[in-house]
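So the structure is just underneath, and the comments pick up after that.
Chain identifiers are assigned alphabetically (A, B, ...) following the order of the sequence lines, protein sequences preceding nucleic acid strands; residue numbering begins at 1 within each chain.
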There are 2 protein chains.
Amino acid sequence: MAPIGFASHDHNSCIADAVKSVDAACAASGLQFTPVRKRVFEILLEEHRALGAYEVLDRLRSEGLGSQPPVAYRALDFLTKHGFVHKIERLNAFIACAHPTEKHTPAFLICRKCSAVAEAETDIAQGRLAGIAADTGFAIERAILEAEGLCPNCRPSDEKA
Amino acid sequence: MAPIGFASHDHNSCIADAVKSVDAACAASGLQFTPVRKRVFEILLEEHRALGAYEVLDRLRSEGLGSQPPVAYRALDFLTKHGFVHKIERLNAFIACAHPTEKHTPAFLICRKCSAVAEAETDIAQGRLAGIAADTGFAIERAILEAEGLCPNCRPSDEKA
DNA sequence: TGATATATGTCATAGTATAACATATCAACC
DNA sequence: GGTTGATATGTTATACTATGACATATATCA
């Protein structure tokens, strides 16, 4: 439930661990974690921020892994479809999942100043909103929860409680 | 707290009432509810569904109210900025607010089959997520909450509880 | 090894949104 | 009533985001 992303962490190992766990998940499900897909995932992990598809594509292009938009979009589609990457609708951008092993409804805290993004694992939208939906007869399949504001690093210190 | 949008209602009066209340709100705040802005608001009300900016623009164009994208985007920006219209990020589309008089965090139920959209008034994102944010020192300013699934009209009837 | 599904390369185009600048209108005050 | 500053509109051009379509290649498995 605790968000990460505004604090420093062991970045070197986090990339390796994440790649490894996705590798295992793909093997277990018969999915192909191909070179382009793996590289896109790594690129997103390296930044720990939301990258646009064309930013990812630029990186791929400079590495000779593909130069046309569909290359990036296909890899991103694959990764988001299987929950390894999330799309931030507000930013039209993608970010590596911070909790790749568990099934969850991601929630995001997006700093409007520095664009840092923290992912909080939550089932909030399956919580209170679920009651409203049930009353109406609406069947929720997935939910998007994105909060915008100022991250701890961008808040004027006298505003911090 | 009850969503509307999947049930029929008195459509004729709802448009007139909404326009009137926005008119009053603008007058009270010294905002200019100009012809283009009013017409865009009416167009969204007439449909009670999410319209893309270019769909709105097409309507404006056919009525001689402007033919270039900025005309539509400016009106939509104005209306969303002041809470009379909401943007559905998931659909890159805009919908007239169902609760124009009150300050609120809108939540949406979006049907993936028929694209109907219901707005539920809620402060859900200021609720549970607020706790997580506070722990991190993140200051939430606004939130986006959009749930996707099947509306009552599109659900196979044997699935309905 | 052949059949089927899945993934990639590539070109073309569709859809969404904004920058920039000139002109016009509004609101308020002298 | 005219001046001033803020706000709104008209218009051109362009940037950014995303997908359709089709040919080729690779993987999977009977």
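- In the set D:dA8, D:dT19, D:dA27, the nucleotide with an atom closest to the side chain of B:Gln32 is D:dA8.
- Spacing between atom CG of A:Leu60 and atom C1' of C:dG9 amounts to 13 Å, rounded to whole angstrom units.
- The two residues B:Arg90 and A:Ile144 come nearest to each other via the heavy atoms CD-CD1, 3.1 Å.
- Between C:dA7 and A:Arg37, a contact under 4.0 Å exists linking OP1 or OP2 to a side-chain N or O.
- Ring planes of A:His11 and A:His48: tilted class, angle from 30 to 60°.
- When the C1' atom of C:dG15 is taken as reference, atom CD of B:Glu89 falls 16 Å away, rounded to whole Å.
- Considering every non-hydrogen atom in both B:Ala143 and B:Thr105, the closest pair reads O-CG2, 3.9 Å.
- Taking atom CG of B:Leu79 as the reference point, atom C1' of D:dA8 lies 14 Å away to the nearest angstrom.
- The interatomic distance linking A:Phe33 (CZ) with C:dT6 (P) rounds to 19 Å, in whole Å.
- Side-chain atoms of A:Tyr54 and base atoms of D:dA18 include a donor and an acceptor less than 3.5 Å apart.
- Remark: B:Glu47 engages B:Arg59 in a salt bridge, criterion side-chain N to carboxylate O under 4.0 Å.
- Remark: C1' of C:dG15 and CG of B:Asp58 are 12 Å apart, rounded to the nearest angstrom.
- When the nucleotides D:dT12, C:dA7, D:dA18 are ranked by their closest atom to the side chain of A:Thr34, C:dA7 comes out on top.
- Relative orientation of the A:Tyr54 and A:Tyr73 rings is perpendicular, given thresholds of 30° and 60° on the angle between their planes.
- We find that CD of B:Gln68 is positioned 18 Å from P of C:dA22, with the value rounded to whole Å.
- Rounded to whole Å, atom C1' of D:dA8 lies 12 Å from atom NE2 of B:His82.
- Between D:dA18, C:dT18, C:dT8, one nucleotide has an atom nearer to the side chain of A:Val36 than all others, and that is C:dT8.
- When the side-chain nitrogen and oxygen atoms of B:Lys87 are compared with OP1 and OP2 of C:dA17, one or more of them lie within a distance under 4.0 Å.
- Side-chain to base pairing of B:Arg74 with D:dT11: one donor and one acceptor N or O lie within less than 3.5 Å of each other.
- Within the structure, a side-chain polar atom (N or O) of A:Asn92 is placed less than 4.0 Å from OP1 or OP2 of D:dA18.
- Atom P of nucleotide D:dT9 and atom CG of B:Leu65 are separated by 10 Å, given to the nearest angstrom.
- Contact annotation: A:Ser67 side-chain N/O to C:dG9 OP1/OP2 distance is not under 4.0 Å.
- For C:dA17, the OP1/OP2 oxygens have a side-chain nitrogen or oxygen of B:Tyr73 closer than 4.0 Å.
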